[in-house]
Number of protein chains: 2
Amino acid sequence: MSRETPSGDELLAMLAALASPHRLRIVAALAEGRSYVSELARRLRMNRPLLYMHLQKLEAAELVVGTLETAPDGSSVKWFDLAPFAVTLTPQAIAAAVPTLTVPGQKDEDKQ
Amino acid sequence: MSRETPSGDELLAMLAALASPHRLRIVAALAEGRSYVSELARRLRMNRPLLYMHLQKLEAAELVVGTLETAPDGSSVKWFDLAPFAVTLTPQAIAAAVPTLTVPGQKDEDKQ
DNA sequence: CCGACCTGTCAGCATTCCCTGACAGGGGGC
DNA sequence: GCCCCCTGTCAGGGAATGCTGACAGGTCGG
């Protein structure tokens with residue numbers, strides 16, 4: 001819940017998820033209220049599959065939350081909400097997160 | 001100086017610069033003190049031209065500052081220092097920065 | 001002279017990413 | 001029947017990125 005000091009991997013995933021003008025725009029749009037894929041695609045003037053991919057990345061980084069709601073009549077709409085997040089980017093915070101970075105194929109052969 | 005609310009482009013550049021395990025590691029290493037390219041390359045076990053590129057990106061985002069110091073004997077060393085930065089990532093901060101995003105080829109034809 | 005240290009730049013490759021149109025399916029209402 | 005709304009997935013191509021070895025230059029000390 002309280003994400004004061006995220007792990008290196010979490011921080012990296014969050015940064016990578018936000019490091020895109022499209023996804024920044026998506027977050028800003030969702031800050032005004034929940035929406036669903038097709039409606040967002042119209043609003044942001046972008047291809048629906050493209051928006052879909054970006055939303056998945058944001059969801060993977062736990063910055064947005066998608067909920068597929070199936071109405072009683074059977075029609076389904078997937079709503080997207082912003083996840084409340086607050087991470088402060090400082091050299092110290094980064095230095096604290098880096099040691100927990102999972103490096104693929106890392107040996108612990110760092111001497112000193 | 002006080003970078004409370006960065007512009008959209010600045011925020012994006014900062015995020016893009018930090019969204020890399022290598023560059024996070026570089027920032028963490030520089031948090032322990034200034035260093036120069038060759039020394040950092042040895043410490044982080046990475047190719048010098050590669051590190052050079054990453055440092056340039058960090059410098060372009062104004063997260064590190066490079067200073068080429070030419071000693072009186074003529075030998076030169078380029079020192080890199082961390083720039084003090086503190087940006088808090090929240091939905092509101094992003095929503096505030098997004099309108100100032102420079103979109104290449106953007107027409108102002110957004111009808112509500 | 002040779003080796004060790006430093007900076008900076010280059011071409012080229014491999015990989016990954018971004019984005020597109022088109023398709024599958026579901027549900028209405030007219 | 002047709003048309004409109006919604007979701008989800010796919011292949012393919014074009015572009016950008018990450019990374020490498022090798023090169024240029026400089027100073028210093030043996």
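Below, each value reflects all heavy atoms present in this structure, side chains not excepted, and no hydrogens, waters or symmetry copies.
Using a 4.0 Å cut-off, some side-chain N or O of A/R42 falls inside it from OP1 or OP2 of D/dC6. Close to D/dG18, at under 4.0 Å from its OP1 or OP2, lies a side-chain N or O of B/K57. The phosphate of C/dT7 (OP1 or OP2) has a side-chain N or O of B/S38 nearer than 4.0 angstrom. Side-chain nitrogen and oxygen atoms of A/K78 include none within less than 4.0 Å of the OP1 or OP2 phosphate oxygen of D/dC6. Put simply, A/Y36 has a side-chain N or O that comes within less than 4.0 Å of OP1 or OP2 on D/dC6.
Between the CH2 atom of A/W79 and the C1' atom of D/dC6 there is a distance of 11 Å, rounded to whole Å. Here D/dT7 presents its C1' atom at 13 Å from CG of A/L55, a figure rounded to the nearest Å. In this structure, A/R25 atom CZ and C/dC19 atom C1' are separated by 14 Å, rounded to whole Å. Atom pair A/Y52:OH and C/dG25:P shows a separation of 17 Å (rounding to whole Å applied). Between the CZ atom of B/F80 and the C1' atom of C/dC6 there is a distance of 13 Å, given to the nearest Å. When rounded to the nearest whole Å, the span between CD of B/E39 and C1' of C/dC6 equals 13 Å. Straight-line distance from the CG atom of A/L68 to the C1' atom of D/dC6: 10 Å, rounded to whole Å. Here D/dT7 presents its C1' atom at 13 Å from CD of A/E59, a figure rounded to the nearest Å.
Looking at B/D9, its side chain never comes within 3.5 Å of a backbone N or O of B/L101 through a donor-acceptor pair. Using modelled atom types, no side-chain atom of A/T70 and backbone atom of A/S76 make a donor-acceptor pair closer than 3.5 Å. A side-chain donor-acceptor contact under 3.5 Å links A/R23 to the backbone of A/A17.
Nearest approach of B/L44 to B/A29, heavy atoms of both residues: CD2-CB, 4.3 Å. A pairwise comparison of heavy atoms in A/K78 and A/Y36 identifies O-CB, 3.1 Å as the closest pair. Here the shortest heavy-atom pairing between A/A83 and B/P91 reads O-CG, 4.2 Å.
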Nucleotide by nucleotide, 5' to 3', does protein get under 4.0 Å of the base (B), only the sugar-phosphate (S), or neither (-) in nucleotides 19-30 of chain D, counting heavy atoms?
SBBB----SS--
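We find that B/E39 and B/R34 are not joined by a salt bridge, their nearest charged nitrogen and carboxylate oxygen being 4.0 Å or further apart.
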